[in-house]
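Taking it in order: structure first as structure tokens, then the write-up.
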Amino acid sequence: MRYKILLVDDEMDILQMVKDYLELEGYLVYTASNGKEALEKISILPDLILLDINLPDFDGLEVCRRIRNFVDCPIVFLTAKVEERDRVNGLKCGGDDYIVKPFSLAELSARIEAHLRREKRRGEKEELRFCGGFVIRYGERKLYFGEEEIALTKTEFDILELLSMNKGQIFGKEAIYERLWGYEKEGDSSSITEHIRRIRSKMGKFQTASLIETVWGVGYRWIG
């Protein structure tokens, strides 16, 4: 089993150096250079996250706050700050460890190994996806905005799941209907329009920009 590591840092030279080293150590390394990209990459279900505190959009502490209630893998902060309050804030917001820049690659590797040994992740990881302020937990079949759950019917979640797990792919009403209920089900595919309207309405109470795009004359696609 190859462990997956999500490496988040806006310094490209550090990002590439650490990525190359960890790949030689046998890890699967995914990278992000800002907070938004880090949230998008959470869906890979990393076994460990290396998270720089100083990021160009929102800092690593904010990234940690947003994901900590949904992701239980170790989070190790990479930081140039050495003040005690910064270390304390990192641990308080959900971090497990920190390593101060500049650091040796050997020390970083040892820290990673220690966390992964202690962790020994139990069972299957729950698949989830961050989309702006929304979080989709597929295992629980639930949608959240931040920590607040948005109540969806079974059919509404089925449609949300289909679209969000196939980002960018266009589905016509008939295709959605067939995916959900099959060819033999008697009914009207036009009901899909109403279901999507309701999903948009519920999500629109929290965020005005819709993550479901209408492609006129063709169907719908997820753009989150």
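The analysis underlying the following values was restricted to heavy atoms, covering all of them including side chains, and did not include hydrogens, waters or symmetry mates.
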Is the side chain of D96 donor-acceptor paired with the backbone N or O of I75 at a distance under 3.5 Å, no angle test? yes
Considering non-hydrogen atoms only, spot the tightest contact between W222 and L163 and give its length. CB-O, 3.1 Å
Between the CG atom in L160 and the CE atom in M165, the distance rounded to the nearest 0.5 Å is 11.0 Å
Backbone N/O of L55 and side chain of D59: donor-acceptor pair under 3.5 Å: no
Exercise: identify the closest heavy-atom pair between F77 and G60: CE2-O, 3.7 Å
Checking K4 side chain against L48 main chain: does a donor-acceptor pair fall under 3.5 Å? no
Contact between F103 and V18 at the side-chain level, heavy atoms closer than 4.5 Å - yes or no? yes
Heavy atoms, side chains only, cut-off 4.5 Å: are C131 and L211 in contact? yes
Contacts of E11 meeting side-chain contact (heavy atoms from CB on, under 4.5 Å) (sequence neighbours excluded), chain-then-number -> D9, D13, I14, K101
Can a side-chain donor-acceptor contact be found between H115 and D97 if the only test is distance below 3.5 angstrom? yes
How many angstroms lie between atom CD1 of I150 and atom CD1 of I199, to the nearest 0.5 angstrom? 11.0 Å
Can you tell whether the side chains of D158 and R141 come within less than 4.0 Å, N to carboxylate O? yes
For L6, does its backbone N or O pair with a side-chain atom of K41 as donor and acceptor, under 3.5 Å? no
Mind listing the closest non-hydrogen atom pair of G35 and V63 along with its distance? CA-CG2, 3.7 Å
Passing candidate, salt bridge (charged side-chain N to carboxylate O under 4.0 Å, His left out) with K202, options E156, E148, E149: E156
Spatial distance of atom NZ (K142) from atom CG (L152) [nearest 0.5 Å]: 11.5 Å
hydrophobic_cluster_shared for L108 and M17, side chain cutoff 4.5 Å: yes
Would you say I223 and R221 make side-chain contact, with heavy atoms under 4.5 Å? yes
Can you name the nearest heavy-atom pair linking P74 to D47, along with the distance? CD-O, 3.2 Å
Decide yes or no for Y27 and L116: does some side-chain heavy atom of the first lie under 4.5 Å from some side-chain heavy atom of the second? yes
Return the OH to CG distance between Y21 and L7, rounded to the nearest 0.5 Å. 14.0 Å
So, the side chain of R200 versus the backbone of M203: is there a donor-acceptor pair under 3.5 Å, distance only? no
Under 4.5 Å between side-chain heavy atoms, counting indirect links through other Ile/Leu/Val/Met/Phe/Trp/Tyr residues: same cluster for I5 and L105 or not? yes
Starting from the C-alpha separation in whole Å, work towards a yes-or-no answer on side chain to side chain contact (heavy atoms under 4.5 Å, CB included) for I196 and I212. CA-CA 8 Å; I196 289 178; I212 301 175; 4.1 Å; yes
In short, R2 meets G26 closest at the heavy-atom pair NE-O, 3.1 Å
Can you find a pair of side-chain heavy atoms, one from I136 and one from S164, that are under 4.5 Å apart? yes
Examine Y177 and V218 and state if one hydrophobic cluster contains both, with Ile, Leu, Val, Met, Phe, Trp and Tyr joined whenever side-chain heavy atoms are less than 4.5 Å apart. no
Compare all side-chain heavy atoms of V135 with those of R137 and state whether any distance is below 4.5 angstrom. yes
Between the side chain of R111 and the main-chain N/O of Y98, is any donor-acceptor distance below 3.5 Å? yes
Would you say CD of E147 has more than 12 non-hydrogen atoms from neighbouring residues, nucleotides or ligands within 6.0 angstrom? no
Are L78 and I53 side-chain neighbours, meaning at least one heavy-atom pair lies under 4.5 Å? no
Within the 3.5 Å criterion, strictly below it, is a donor on T193 or R198 matched to an acceptor on the partner's side chain? no
For K36, I'd like to know if atom NZ has over 12 heavy atoms of other residues, nucleotides or ligands within 6.0 Å. no
Are V8 and L28 connected in a single hydrophobic cluster, I mean Ile/Leu/Val/Met/Phe/Trp/Tyr linked by side-chain heavy atoms less than 4.5 Å apart? yes
Does D52 reach the side chain of T79, with side-chain heavy atoms less than 4.5 Å apart? no
If you round to the nearest 0.5 Å, how far is CD1 of I176 from OH of Y220? 7.0 Å
Derivation of the salt bridge (Lys or Arg N to Asp or Glu O under 4.0 Å) call for E40 and R129: CA-CA 7 Å; E40 293 172 351; R129 183 164 280 111; over 6 Å; no
Does R66 count as lying over the ring of F58, i.e. NZ or CZ under 6.0 Å from the six-ring centre, within 45 degrees of the axis? yes
Please report whether the ring centroid of F145 lies less than 6.0 Å from that of F206. yes
List the atom of C64, the atom of G95, and the distance in Å for their closest heavy-atom pair. SG-N, 3.7 Å
d(T214 OG1, R197 CZ) to nearest 0.5 Å is 12.5 Å
